[in-house]
Trainee: 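Here you go, one structure.
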Protein chains: 2
Amino acid sequence: MSESERPAGYDPRDYDPVSVTVDVVALTIRDGALHVLLVRRGNPPYAGMWALPGGFVRGVRDAEDLPDAAVRELAEETGLNAEQGQLERIHLEQLGTYGTPGRDPRMRVISVAYLAFAPELPDPKAGGDAADAAWVPVGRLGLTDGGDQAPGTTRRLAFDHAQILVDGLERARGKLEYTPLATAFCAPEFTVPELRAVYEAVWGEELHAGNFHRKVLSVPGFVESTGTTSDRGGRKGGPRPKLYRAGDARLLHPALLRPSREEEIR
Amino acid sequence: MSESERPAGYDPRDYDPVSVTVDVVALTIRDGALHVLLVRRGNPPYAGMWALPGGFVRGVRDAEDLPDAAVRELAEETGLNAEQGQLERIHLEQLGTYGTPGRDPRMRVISVAYLAFAPELPDPKAGGDAADAAWVPVGRLGLTDGGDQAPGTTRRLAFDHAQILVDGLERARGKLEYTPLATAFCAPEFTVPELRAVYEAVWGEELHAGNFHRKVLSVPGFVESTGTTSDRGGRKGGPRPKLYRAGDARLLHPALLRPSREEEIR
DNA sequence: ATAATAGTGTCTCTGAGACAGTATCGG
DNA sequence: CCGATACTGTCTCAGAGACACTATTAT
């Protein structure tokens, strides 16, 4: 810290004002597809455009920690509430901080982005400052790796939120490889095919059912059997799959690596 | 963003003031041991204690991007300068943001931490607000996984910098596994034994020389031969090792996994 | 009945790690 | 000369992926 050249009673209000926000990339699986929670902005700038839910961190009065701010914004702008335990099972982790000058046209804003993973949740109710809120399929956003929109895509995200979303997706894809995070997208009891559907939705590619099954069961602590069986077979037939709970592993060893990432190596 | 309930000409100065700093975990290898760059604080709080180099982000006047602020603080407080290219070959990446209320006893400060990797650099000259600056062997800090100090350790770090350092070390250890980052600790031309020494210093365990050698050469794009040979053998004898440059790979595939991390899995 | 699915068996190939062996260097 | 070191060869074992096969379910 290099603040020591300033007087001891130094008040940041007199100095270089920076605003701090949190933005949340909240992901879930719906109908077998990866969805992100977006809100439609009610006011300028970017009025009418979709954006990640987020808002100012309470800095001094009612000072709150950054993860608390993320949860609060998630609740405020979507109507999800803690009383019903809807926020209980949400995995939250810090994604990164975005502070390039000019990213907000009005003033200097530094945003701490969080990544949230949730099992299937109800449709959000617009609240707080959001004119609207919805789970949006990630595939329909036409994102490219650079965070820009693909040609012909009309939907855009406010600020640099497209880049934040791309970074969040890449983080999520990687985390599925070496952590049991995929179970956070599932109900408390789930089947191996359901777990595979999570991997396929997030990674965007089909996996070999048989090898995936054997692999999941062979990783120590990934899943543990409940001894029970689902009450229905697959959607188009097949035996009733067994039910599992999340195990106690924090890391998957060996990891479940994504097939064929040759293009990302160089 | 939830600022829309505020008037359009809203000035953050009138609102909840938050200060933003950057702190840098700068790592290098000296004499076969991992070192971190620390500065001794000249002013309260924590006067006389060691801390990570860092300082305020210029927010509005001369607004600077976050990585630029990290490089500037690194230069200011250590005397390393860009003219001599000392900052050229430094790898810099964002580590995380620390904003728990109370982490700075004076006011609400949110700090964006950066992680820097450098080849061997000269001793720093204290500058800026630092009373002193030095490369300190990480092993002598007595850090535990939780970021607290081990019993009997007198040296402590200011603020929550011990935790930031622990997080940075863990990030560095992981990054060596699946990226060619270790080459950033080496001179432009290096030998396989030198590269192995980097892994051993960061991971804190000895590696099998023969298997390491074969593994490094088998990963596509990790290193490329210069065709030349070092002018001296190992420190206690042995053939002259061949010289290599960093290759063009961005990811190591297959990865070089750390041996025996059983304890971290559960 | 038919098609789709859950789950298992088997084979092959890659790669990690243990170990041995050879050539080359410093002291 | 001696010991340490740079590499290379070889063997074994674990694991990933392709494929095949059976049993069970929805339609």
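Chain letters run A, B, ... following the sequence lines, proteins first and then strands; every chain starts at 1. Side chains included, hydrogens not; waters and symmetry mates left out as well; all remaining heavy atoms used.
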Trainee: Among side-chain atoms of Tyr98(B) and Asp23(B), is any donor-acceptor pair under 3.5 angstrom?
Mentor: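 There is no such pair between these side chains.
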Trainee: Would you compute the distance between atom NE2 of His91(B) and atom CZ of Phe117(B) and round it to the nearest 0.5 angstrom?
Mentor: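 So the NE2 of His91(B) and the CZ of Phe117(B) are separated by 5.5 Å.
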Trainee: ring-ring contact (aromatic ring centres under 6.0 Å, His included) with Phe190(B): which residues, sequence neighbours excluded?
Mentor: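 Phe190(B) satisfies ring-ring contact (aromatic ring centres under 6.0 Å, His included) with no other residue.
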Trainee: Using 4.0 Å as the upper bound for N to carboxylate O, is an ion pair formed by Arg89(B) and Glu120(B)?
Mentor: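 Salt bridge between Glu120(B) and Arg89(B), a charged N being under 4.0 Å from a carboxylate O: no.
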Trainee: Without decimals, in angstroms, what is the distance between Leu257(B) CG and dG15(C) P?
Mentor: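 Spelled out: CG on Leu257(B) to P on dG15(C) is 13 Å.
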Trainee: Rounding to a whole Å, what distance do you find between Asp231(B):CG and dC25(C):C1'?
Mentor: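 Taking atom C1' of dC25(C) as the reference, CG of Asp231(B) is at 13 Å.
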Trainee: Give the ring-plane orientation class for Tyr199(A) versus Phe222(A), where under 30° counts as parallel, over 60° as perpendicular and anything between as tilted.
Mentor: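 Judged by the thresholds at 30° and 60°, the geometry between Tyr199(A) and Phe222(A) is perpendicular.
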Trainee: Among residues at least two apart in sequence or on other chains, which ones pass salt bridge (Lys or Arg N to Asp or Glu O under 4.0 Å) with Asp132(A)?
Mentor: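 Testing Asp132(A) for salt bridge (Lys or Arg N to Asp or Glu O under 4.0 Å), a comparison that skips the adjacent residues, returns none.
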Trainee: Find the distance Arg258(A):CZ to dG17(D):P and express it as a whole number of Å.
Mentor: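 Atom CZ in Arg258(A) sits about 13 Å away from atom P in dG17(D).
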Trainee: In whole angstrom, what separates Leu243(A)'s CG from dG7(C)'s C1'?
Mentor: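 Rounded to the whole Å, the gap is 15 Å.
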Trainee: In B/S/- notation, 5' to 3', how is nucleotides 3-9 of chain D contacted by protein heavy atoms closer than 4.0 Å?
Mentor: BBBSSBB
